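Single-structure report; data block below.
Just so we're clear, the structure is a prediction, and the values are computed from it rather than from any experiment.
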2 protein chains.
Amino acid sequence: MFTIGVLARKAQCSVPTVRYYEAQGLMPPAERRESGHRVYGRADLARLVMIRRLRDLDVPLERVKSLLALEANGKPCAETLAFFQEQRDAIRQRIEALKDLDLTLSLHMANCQAGCLPANGPCDLYSAI
Amino acid sequence: MFTIGVLARKAQCSVPTVRYYEAQGLMPPAERRESGHRVYGRADLARLVMIRRLRDLDVPLERVKSLLALEANGKPCAETLAFFQEQRDAIRQRIEALKDLDLTLSLHMANCQAGCLPANGPCDLYSAI
DNA sequence: GTCCGACCTCAAGTTACTTGAGGTTCAAGG
DNA sequence: CCTTGAACCTCAAGTAACTTGAGGTCGGAC
């Protein structure tokens with residue numbers, strides 16, 4: 001059992017974001033202390049982490065919401081399985097794109113250091129494309 | 001020389017986005033035909049692609065703008081070099097995080113297929129965390 | 001007991017686009 | 001030549017996902 005601040009830190013997001021998710025129905029209404037302060041448990045953290053992961057992949061909140069609802073309703077697994085497959089493919093594509101960009105930047109930086117840093121002159125950003 | 005539609009397609013973004021970037025001063029005011037239609041060249045494409053790449057890394061538009069301005073002003077290269085280094089580090093971290101998530105999803109899917117698909121029952125989303 | 005950091009609510013602001021309305025322009029076919 | 005549908009134009013308004021701000025309460029260390 002922990003506070004919203006601790007929850008947010010563990011899930012790597014801001015406190016207002018957690019409250020926002022609750023307001024949007026992505027997180028269940030949190031239990032409260034007498035004082036009105038929210039209290040969270042392990043399940044809440046798990047759910048929040050999952051939301052954040054999906055958001056990192058740019059899955060819209062609405063889709064995250066319906067996916068979580070799907071799980072809660074105990075609907076057939078095939079639907080979520082298909083979704084995960086899709087996400088995994090997206091991840092792999094993204095990894096490839098990032099590797100490509102990494103290489104591009106490295107080349108650009110090498111050019112930059114070789115030709116332009118000694119003279120302290122400008123370097124051509126577009127050469128990186 | 002090509003139209004805004006062709007430019008957008010080549011840079012993998014929408015036509016309104018290109019116009020938006022122009023309005024925000026990220027793209028230079030495009031040349032126009034008599035008709036008022038915008039006309040673009042290779043340099044424009046290069047610039048737009050760079051903007052999109054940086055945006056894919058969640059670099060805010062303001063930062064993209066100042067970076068491009070830096071290049072245009074012919075300021076010392078060290079500043080942009082540092083920026084690229086930073087971006088490259090971010091990319092590498094992101095690749096690692098994505099690989100991790102990929103593995104997690106794969107494991108989850110395997111569980112899902114083994115334990116839950118035959119019975120067509122629900123599978124626990126949180127087991128993936 | 002008091003003080004500071006963490007919590008509360010509610011409203012408004014921000015970023016980066018997207019969508020819609022209402023109207024020209026271009027180019028391929030009849 | 002004419003027309004017709006896709007692509008272009010401007011300007012205003014809408015959207016997603018947060019973030020920030022104002023104004024106030026709570027908790028626990030000194």
I need a per-nucleotide contact map over nucleotides 15-30 of chain D, read 5' to 3'. Cutoff is protein heavy atoms under 4.0 Å; write B for the base, S for backbone only, - otherwise.
--BBSB-----SS---
Any donor and acceptor pair, going by atom type alone, linking the side chain of R55(A) with main-chain N or O of V59(A) inside 3.5 Å?
yes
For residues R88(B) and S106(A), is any side-chain donor paired with an opposing acceptor at under 3.5 Å?
yes
How close or far is atom C1' of dA7(D) from atom CZ of R38(B), stated in whole angstroms?
13 Å
Nearest-Å distance for atom pair CG/C1', residues D56(B) and dC17(C)
14 Å
Atom CD of E22(A) to atom P of dC10(C): distance rounded to whole Å?
12 Å
Mind checking if R32(B) touches a base, just sugar-phosphate, or nothing, with heavy atoms under 4.0 Å?
sugar-phosphate
As a check of understanding: the bend across the helix from dG1(C)-dC30(D) to dG30(C)-dC1(D), end axes from five pairs, rounded to 10 degrees, works out to 20°
Are R94(B) and D89(B) within salt-bridge range, i.e. N to O under 4.0 Å?
no
Tested for side chain to side chain contact (heavy atoms under 4.5 Å, CB included) against I51(B), the lone hit among D56(B), L26(B), L67(B) is L26(B)
If we ignore hydrogens and angles and just use 3.5 Å, is the side chain of K65(A) paired with the main-chain N or O of Q24(A) as donor and acceptor?
yes
Once you round it to whole Å, what is the distance between P of dC8(D) and CD of E31(B)?
17 Å
Between E86(A) and R63(A), does any side-chain N to carboxylate O distance fall below 4.0 Å?
yes
In this structure, how many angstroms lie between the C1' atom of dT15(C) and the CD atom of Q24(B), rounded?
10 Å
Any luck finding a side-chain donor-acceptor pair between R52(A) and Y21(A) under 3.5 Å?
yes
CG of D58(B) versus C1' of dT15(C): gap in Å, rounded?
12 Å
Are the side chains of P28(B) and D44(B) in touch, meaning some heavy atoms are under 4.5 Å apart?
yes
